[in-house]
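Atoms considered below: every heavy atom in the structure, side chains included; atoms not considered: hydrogens, waters and symmetry mates. Proteins get letters first, then strands, A, B, ... in listed order; numbering begins at 1 in each.
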Amino acid sequence: MTTVTESSPRGDLILLICFAAFVLAGPIILQPFGAGYPDLLQKFAIYGLFAMGFNILFGLTGYLSFGHAAFLGVGSYTAVWTFKLLSMNPIPAIILATLLGGAFAALIGYISLRRSGIYFSILTLAFAQMCYNLAYSVLTPITNGETGLQLTQSDPRVLDVAFGRDYGAVLPSSDLFGIDMTGYPGFYFCGVILIICFYISMRIFRSPFGMMLRAVKSNQNRMNYTGLNTRPYALTAFVISGMYAGLAGGLLAVTDPLAGAERMQWTASGEVVLMTILGGSGTLLGPVLGAGLIKYFENIFSAFNDQILAAVFGFLPDGLRDVLVSLSALFVGEGWHLTLGVLFMVIVIFLPGGLMEGFSRLRRLIVTRTGRNGDAAAPQAAE
Amino acid sequence: MDVILLQLLNGLDKGGAYALIALGLTIIFGTLGVVNFAHGALFMLGAFCAVSVQALLGLEKIALHPTEKTAWGSPVEIRTPYVEDLLGDFGLLLLDYSVPASIIIAIPIMLLIGIAMERGLIRFFYKRPHAEQILVTFGLAIVLQEIVKAQFGANPIPQPAPDAAQGMLDFGAAIGFDAGNVVYPTWRLVYFLFSLGVIGAVFAFLQFTTFGMVVRAGMADRETVGLLGIDIDRRFTIVFGIAAIVAGLAGVMYTPILSPDYHMGMDFLVLSFVVVVVGGMGSLPGAVTAGFVLGILQSFASMNEVKDILPGIDQIIIYLIAVVILLVRPRGLMGRKGVMEG
């Protein structure tokens, strides 16, 4: 966990500029890692956004929600419905997705935040499972059940019609005032939103409100005894994180106008928890990093097959190579979830602060080695 | 009347499964204070014990018939299971009863898995926050699930019940209704009775043995028991093993009802957590009662008459009840006051 004392307006500005530069130069920087193509970059940005929002709840207040995928799903459905009814322009879609995600979060958070600890986790889990089951079965008129919600040519799209846009006989795709939201333009659209949201998240972290949330995390009882009602603060954090999730869901629908119920399953909620933990909960950059890493693994590892593995281990003698190939084949391709699970356990067991803590440990180690002992003894924020 | 009876019966086997998994979960929570998200995976591993035993017993020796040919002129294959070869009729009987026979093998395996889990992982998490316990056991659940998937594939593997228990039981006729009105698959009844037996055994073990007494004392006050010079840690390890056995046995016997696949554990896990919460965290009778009550309520909610009035209720009733219980009475039906309340 980065210390509160470390932050300064100037440091924040540098961080923001570096972050923005990294995101905008993403296609070039990630090219050598084989991740420089827009579809994957888009996923990095969207899930980074999702995890960043989750982190505002979990990282700051310590409430572990196991139901955030529900808001992602709500956002997706809203965005697709906006495409169908209003316009193929992504702006109204993501605005409505954010608002509806927030409204849903307000509703669920208002009820769930009456409990804390594991009861809160189970309440959110129960709500998310309800949403998932309903989206799958009863709400079929809205969600189109297991087929998923799709665009059709006969959709009304009143705004598009009013402005005289006609998509002809092809199935429309989302476009921002004529710029098609696929490929690099699509990525830059998500990237710019990611940078804006990063800025917002940074402001929240540095604000008195953020301090209040940290106080809730460190000792809620003490906060209550001082006569302060913590629930409105926790609820606000919950709603903000729900809005981030709704926005992420909306963006998912912008890049691929299709919404299905699987996005709401509780294992999907587990994934965002994992991203946040992996990167380092309570840090600004951590969740984005974690989301990027997991999506990278998901897309790159799952594409590995035996031939590629054999090529990787090609320098070894035959027998050893076969053993290594069959062993590592467990962890890639179809079985990349195994890697995920192992990673998850390793991080929770050995590095509860996530990768960001790993980095700061490394930095401290180097600083100590080079003899500047004064910095290494800098005070750490209390857990 | 008979409709109600039928739904009551329908809920019993599912309720039995919920109760068994929730029982293990709540034992672990009550003794060790650990929230075990890998408990569903133990249920799944139990089911795959049955799959392995079935596969082992089903290994066949293939020989070619000396004279007979098929229509295409190739020799006819004769397949004889090795167990039949070795044990004769008893082997065939064993093959038929492979699901119940797996229990014998599942008990030591699940005990070992449970002890290994506790010693290797869980014991490092006693003092850490619940959130981290949830996370690490969730990771473990994913790992176990993926190993099973790599080993057995992603498709469900149907397990036959023994011939004698495959049919339907005309339950209604036995107690005075018209014949054919209340028929019930025999294996489900077996499962219900089995779950009652296991629950009874666990309760008897905790109630009437010295070991159980110490464990109960440890549940109430771990430190004092430790100060009395009792090696409570070792006993708790065994308790974890027992919880694993209970979950495993629930899985073994459930295989004829639901063909095991690698994610069955996750499906049941969420439900059984809900059961534990409704029953009251750490309360054994609460877990059992809530398991059966929720199982039965779920089967009532899936009646067409109910679904017509409240569509989709069968899908969400359990969660709905959990939400209401958590809000109205957070300690659950039979929970002690102050257990994780807040």
Side-chain angles (χ1 to χ4, degrees), chain A residues 58 62-64 66 108 111-112 114-140 220-221 265-267 270-271 273-274 276-278 281 329-331 333-349 352 383, chain B residues 29 35 37 121 124-125 128-147 149-151 153-154 262-263 266-267 269-271 273-274 276-278 281 307 310-328 330-332 340-342:
Chain A
F58 177 61
Y63 278 93
L64 174 59
F66 248 100
I108 291 178
I111 303 172
S112 305
R114 282 154 197 275
R115 301 282 164 258
S116 61
I118 180 176
Y119 287 134
F120 173 79
S121 301
I122 291 179
L123 266 175
T124 46
L125 184 56
F127 275 117
Q129 279 299 96
M130 270 197 250
C131 293
Y132 165 70
N133 282 331
L134 289 179
Y136 224 92
S137 60
V138 190
L139 297 179
T140 305
Q220 190 160 14
N221 274 339
Q265 218 170 0
W266 77 277
T267 38
E271 201 183 43
V273 182
L274 173 61
T276 312
I277 299 278
L278 175 67
S281 70
L330 270 178
F331 289 91
E334 293 266 288
W336 85 273
H337 272 108
L338 185 60
T339 322
L340 196 70
V342 172
L343 200 68
F344 203 132
M345 287 173 67
V346 169
I347 290 283
V348 179
I349 294 170
E383 260 300 317
Chain B
F29 183 79
V35 184
F37 260 51
L121 182 72
F124 302 110
F125 279 81
R128 291 175 64 170
H130 285 289
E132 287 183 11
Q133 296 171 355
I134 293 178
L135 293 170
V136 81
T137 46
F138 181 58
L140 180 66
I142 296 178
V143 169
L144 291 175
Q145 185 172 306
E146 288 303 311
I147 291 174
K149 187 178 158 195
Q151 195 62 39
Y262 70 101
H263 57 76
M266 288 285 188
D267 300 346
L269 174 76
V270 179
L271 289 171
F273 255 105
V274 167
V276 170
V277 168
V278 169
M281 304 245 1
K307 270 200 282 193
L310 297 164
I313 187 75
D314 54 323
Q315 308 271 344
I316 62 165
I317 178 140
I318 287 195
Y319 304 112
L320 214 57
I321 291 172
V323 168
V324 171
I325 289 272
L326 272 170
L327 294 176
V328 178
R331 76 177 86 152
M340 310 259 330
E341 238 172 279

Subject >> Toward chain A, the part of B/Phe124 with a non-hydrogen atom under 4.5 Å >> reply: neither
Subject >> Interface moiety of A/Tyr136 toward chain B, non-hydrogen atoms closer than 4.5 Å >> reply: neither
Original post:
Where on A/Leu123 is there a heavy atom nearer than 4.5 Å to chain B: the side chain, the backbone, both, or neither?
Top reply: both
Subject >> Proximity breakdown for A/Ile349 and chain B, heavy-atom pairs closer than 4.5 Å >> reply: both
Subject >> Under 4.5 Å from a heavy atom of chain A, the part of B/Ile321 involved >> reply: neither
Subject >> Leading residue by heavy atom contact count with chain A [cutoff under 4.5 Å; candidates B/Arg128, B/Met266, B/His263] >> reply: B/Arg128
Subject >> pair A/Ile111-A/Phe127: side-chain heavy atoms closer than 4.5 Å >> reply: yes
**OP:** Could you check which of B/Val270, B/Leu121, B/Val274 has the highest count of heavy-atom pairs closer than 4.5 Å to chain A?
**Re:** B/Val270
Subject >> Worked check of side-chain contact (heavy atoms from CB on, under 4.5 Å) between A/Leu338 and B/Ile147 >> reply: CA-CA 7 Å; A/Leu338 185 60; B/Ile147 291 174; 4.1 Å; yes
Original post:
Taking side chain as C-beta onward, heavy atoms only, is A/Met130 less than 4.5 Å from B/Val323?
Top reply: yes
Subject >> Engaged part of A/Leu274 at the chain B interface, taking heavy atoms whose separation is under 4.5 Å >> reply: neither
Original post:
Just one of B/Phe37, B/Tyr319, B/Phe29 clears the ring pair (Phe, Tyr, Trp, His ring centres under 6.0 Å) bar with B/Phe273, so which one?
Top reply: B/Phe37
Original post:
Is the closest side-chain heavy-atom distance between A/Phe66 and B/Ile134 below 4.5 Å?
Top reply: yes
Original post:
Based on non-hydrogen pairs under 4.5 Å, which of B/Ile316, B/Ile142, B/Leu326 is most in contact with chain A?
Top reply: B/Leu326
Subject >> Short side-chain to backbone donor-acceptor contact, A/Thr124 and A/Phe120, under 3.5 Å >> reply: yes
Original post:
Side-chain contact, heavy-atom cut-off 4.5 Å: B/Phe125 with A/Val348?
Top reply: yes
**OP:** Let me know if A/Val342 has heavy atoms under 4.5 Å from chain B in its side chain, its backbone, both or neither.
**Re:** both
